A.B. asks: 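I have a structure here, written as structure tokens, and I will follow up with some questions on it.
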Protein chains: 8
Amino acid sequence: MSMKLPATLAATALTLGLVAAPLQADEAPVTMNIKVMTLDTASRLAWATLEACREAGVNVAVTVVDRGGNTQVVLRDTLAVDLTLEISRQKAYTAMSFNGPLSEMEDRFTKPFQVGKVDGVVFSAGGLPIHAAGRIIGGIGVSGAPSGETDEMCARKGLDEIRMDLEMVQP
Amino acid sequence: MSMKLPATLAATALTLGLVAAPLQADEAPVTMNIKVMTLDTASRLAWATLEACREAGVNVAVTVVDRGGNTQVVLRDTLAVDLTLEISRQKAYTAMSFNGPLSEMEDRFTKPFQVGKVDGVVFSAGGLPIHAAGRIIGGIGVSGAPSGETDEMCARKGLDEIRMDLEMVQP
Amino acid sequence: MSMKLPATLAATALTLGLVAAPLQADEAPVTMNIKVMTLDTASRLAWATLEACREAGVNVAVTVVDRGGNTQVVLRDTLAVDLTLEISRQKAYTAMSFNGPLSEMEDRFTKPFQVGKVDGVVFSAGGLPIHAAGRIIGGIGVSGAPSGETDEMCARKGLDEIRMDLEMVQP
Amino acid sequence: MSMKLPATLAATALTLGLVAAPLQADEAPVTMNIKVMTLDTASRLAWATLEACREAGVNVAVTVVDRGGNTQVVLRDTLAVDLTLEISRQKAYTAMSFNGPLSEMEDRFTKPFQVGKVDGVVFSAGGLPIHAAGRIIGGIGVSGAPSGETDEMCARKGLDEIRMDLEMVQP
Amino acid sequence: MSMKLPATLAATALTLGLVAAPLQADEAPVTMNIKVMTLDTASRLAWATLEACREAGVNVAVTVVDRGGNTQVVLRDTLAVDLTLEISRQKAYTAMSFNGPLSEMEDRFTKPFQVGKVDGVVFSAGGLPIHAAGRIIGGIGVSGAPSGETDEMCARKGLDEIRMDLEMVQP
Amino acid sequence: MSMKLPATLAATALTLGLVAAPLQADEAPVTMNIKVMTLDTASRLAWATLEACREAGVNVAVTVVDRGGNTQVVLRDTLAVDLTLEISRQKAYTAMSFNGPLSEMEDRFTKPFQVGKVDGVVFSAGGLPIHAAGRIIGGIGVSGAPSGETDEMCARKGLDEIRMDLEMVQP
Amino acid sequence: MSMKLPATLAATALTLGLVAAPLQADEAPVTMNIKVMTLDTASRLAWATLEACREAGVNVAVTVVDRGGNTQVVLRDTLAVDLTLEISRQKAYTAMSFNGPLSEMEDRFTKPFQVGKVDGVVFSAGGLPIHAAGRIIGGIGVSGAPSGETDEMCARKGLDEIRMDLEMVQP
Amino acid sequence: MSMKLPATLAATALTLGLVAAPLQADEAPVTMNIKVMTLDTASRLAWATLEACREAGVNVAVTVVDRGGNTQVVLRDTLAVDLTLEISRQKAYTAMSFNGPLSEMEDRFTKPFQVGKVDGVVFSAGGLPIHAAGRIIGGIGVSGAPSGETDEMCARKGLDEIRMDLEMVQP
């Protein structure tokens, strides 16, 4: 049983600039770097999303989670009900974990007791992954609109607001 | 990132008389008013519902929740089983959160891991939203009858009992 | 068993302007009004609190809850750990529920299995109630500073930011 | 390993009239009878308690549980906070389970990890057991007053309201 | 709002001998009697069920709950896995709550978010209600056999063992 | 990083006869044997304990857990309240996990947030570890007597009932 | 009601060499032996599985549980998300409990509220049971690959690594 | 309300080399980098810790968590009980969250309902924070030794094993 990082992964890590410690010949890296949005970026994303929903005439809650699945920002609009908190959180967590828009994953699991049943995971439109420097760095979830598609449209507009900043992030 | 309430919502708020603080030109309201039934009204509703079920020969539990999703009244009839407590609470919470009779929402979500899977939400007939002054102010849930339709019929009779009072509530 | 609101409470309600429906001679009100901060106010409060902590050199999470105990805003600073989310929420909830600064309530319960043991309640400095028009309308909790007193100082500065607005709210 | 009820208990059961099936010489009873208040009695108790608190000028929640620990009635006054629901339920459950007034049991457990730490149990004044025909049949819990002693005083007044009825219950 | 038990239910109660206090003209009963199996009976039922499964060559867990949904007996055979504990409990609770054999209720709920989704409820064969004197007094659940039908067959044999005793219970 | 079992432990394992596979020179064992009471033994233990409590005039619940912490037997006497189920389980689990009588461990942890606070652990008299062939094989917990010392006395009498059998178990 | 192990099971136990105490004529065994992998074996299995996934270019979490359902080893690869922890645990637990590869059990339960709905159980490919000496001794679960089949392929390669050792375990 | 990172924090971030995107005059960074040990490093740490405990003659569980509080590695020694899993996880999480050795924090909170009561937090010796490049990157927790001091000594030896590697990590 070897503790070494296989060659393939070590190579990948180097290419992506993830590796924090200098790599020697046959040595796995000691640590890697994970990117996390600053709260300031996450808040801009959340507010732009919430305002896109306000413009669409709907009251929603918005949650942004980082790559560890931990909440960074929650905004619940004045008239959005309590349940939107839990649902927006689960959508953000699911979109980050499965790294894709939830609107495209509603049919990912169809048998009643597959992975989708695990607590905290929900497959309804309204969640998007967040990327920077070619990697997943978090997720955003929205709940409160009459349809999940509207929820997800708001999140997409929210991401537009910070897209240029995200694109300039160095690997 | 603007902190202001968008014009559209501010206008809506004014129209509905929700706004507590005087609005100035470009200023969002500081607080809004949420209506909540008094316990006395909620209790009348719960008892009228329970007695409608007794007349139909069924033992049920009834739960009334306010707009924040918090319980105001629970009544479990002498011979109704423990499980009716949890189910009536979830029905009340779901009818309030989705703002519609549950009997009309049983088919709202059909894929196995959509929003309906979230804990505390159930889509079986037997729950109704409560309105006053044109807004949602709570929900009522009933459990214990052999069919959810009977549960919901009781809730409807219960709401009839307080309908006139609710209709006279000023916005 | 009377369903009527006792005279004393009805009188109080009138004085405070809480009553939504016109009161007749011997009739309890049907509904009351509960004030809730708009999201915009809650967000200003949360950000002012978080920045007060940044100025003090500490990374914190801030949670604002309404009178129903439901979260309105969560902000977790970029380097604040996950645990600050849960603690700030419990502080906000406790300060609102017991209607006082937590720094003054650390000694409220001293026996090991009293009310303070209930889940979701915590008695450590760092939480404040929020008032408007003479009534409690929510709570704010802060976690992350080396001492709870610093957490609470940030919340106090945050409240200063919206104090004038809160004071102008009509009953 | 004997399945028989020991003589001592069988004798007690006979004396108390609990036994449903005729006892033969060396035979344990098949079933016993447990008394449960009707919902109507439980509701009278809860309302009398709540009104005693209103007269004392405090907004509380009241919970009544049966001997199985299952809720029969919950009443939360219009302005009582959400937390009073959980605390009144735990007080009712604890007073029933330990069969005594909580005000007399605050010092029952003093070491930090004794039985009092178990979830759902709380040792703060504000809960009373309910008896009929010489046996425990439920519990009542109150939360919301500034002191637990006031909570418990309300419960005591509530029990006064149904005392005569309880005293007439046959074993 | 009347606190009285409606005539229909009061009549039913009298017929079934459930009423503990003497009924006067227009008065609801104060308490009712709920039958509960003695532990000795419940244990005989559980062991007879477990041995029926042993004879069928399967290792199972058996749970018996009373009408309040509280466990009376649990037996897990030496080689039955941990999961059989939770499943047998849920089967016992569900069969008691819905008052029927689970093998006949697997199709009771078919939409994905109906009542069957509530925690603690499971609709797989292997659970039976327990009756005495014409009323439900508990439930039994079995888990561990390759098919739920075998689980339920064992429970049926277990009930046969105490059937005569149950039939002799007076109302 | 070596995967080998250190010499000291390997030696211990050999001495105790725990090792299932033949040990070669420098090879760790692949599997070990864990002893578990048969259900029949566990049930004898539970019943002897419960009857010792009946003789002492108290109604209790008894739980027996195996070395993995999983329940083998639960018996709740006819009049013991629901709470005794949870407490007896926690006592059994704690006595097994800490391998000692709980009556001797009530002072083991004294600071309020030490290990004793973890869910499922309780340090009140009424639990004993079960040993065979010089090793811990489970735990028994009792709840329901007015004092934990009486609970533990019953468990001790229960263990007396199976002591000879346990002593004859080969390592 | 006999406490004895029925002849059939006693015979089976003898054949399998599970019985720890000498069996006399009409006596059930007092204890049985359960095999458990040493941590060292479990760790070799987990690492071989994780490296098989690395070679396939996917980041996963791996969990190994013993026959009691308790975790022995968890490995989460550097870039695998948090959710893979919970899913790999549930897969390991389910494969052990139902004693089969999850890829063959995805259709085992098809109605929405059958046994598969119980918390902690998941029926998606990626879990395998672990056997030694003809009996189940644990389970392994993998999560993180785009498809469950890849997850399960890694687990299969992991088991290949320790297959010879497992095959040499004596009953 | 400004969205900008205050000057003080921006300066700190620059000094520590945390900032991923180039900072312009008055612009907050978009993302930051969080270091995470590779699984390979975390596993070396866990094994070195577990073997230090084996040498001390104790069976323990070891958990390593990253800065997000998510588990990276769990090792439970063959004879360590189930409870050590939960305790080692809580110790790792607490040491990381409070950034200090738990042996020095047992007296940090002394009133019964302070922050230490929050679920998942435990203040008993046996947990250490993990640092690299001057920042916290995770935590390690150990449970199973008769005293927490021994648990923590093992963790300290484990950290010694990877100290040189950690010290070479670049900021």
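No hydrogens, no waters, no symmetry mates; every other heavy atom, side chains included, goes into these values. Because the structure is predicted, anything quoted here is derived from the model rather than measured.
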A.B. asks: Hey, could you give me the NZ/CD1 distance between F:Lys35 and G:Ile34, rounded to the nearest 0.5 Å?
C.D. replies: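 If we round to the nearest 0.5 Å, F:Lys35:NZ and G:Ile34:CD1 are 10.5 Å apart.
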
A.B. asks: What's the separation between atom CD1 in F:Ile137 and atom CE in G:Met32, rounded to the nearest 0.5 Å?
C.D. replies: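 Taking CD1 in F:Ile137 and CE in G:Met32, the distance rounds to 13.0 Å.
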
A.B. asks: Please indicate whether F:Lys111 has more than 12 foreign heavy atoms, meaning atoms of other residues, nucleotides or ligands, lying under 6.0 Å from its NZ.
C.D. replies: yes

A.B. asks: Test your reading of the model: is there a side-chain donor-acceptor pair from F:Asn33 to the backbone of G:Asn33, 3.5 Å cut-off?
C.D. replies: no

A.B. asks: For G:Ile162, is it the side chain, the backbone, both, or neither that has a heavy atom closer than 4.5 Å to a heavy atom of chain F?
C.D. replies: neither

A.B. asks: Below 4.5 Å, heavy atoms only, C-beta onward: do F:Thr38 and G:Val30 meet side chain to side chain?
C.D. replies: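 Side-chain contact under 4.5 Å: no.
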
A.B. asks: Under 4.5 Å heavy-atom distance to chain G, tell me which part of F:Leu39 shows up: side chain, backbone, both or neither.
C.D. replies: neither

A.B. asks: Side-chain contact, heavy-atom cut-off 4.5 Å: F:Thr31 with G:Val36?
C.D. replies: no

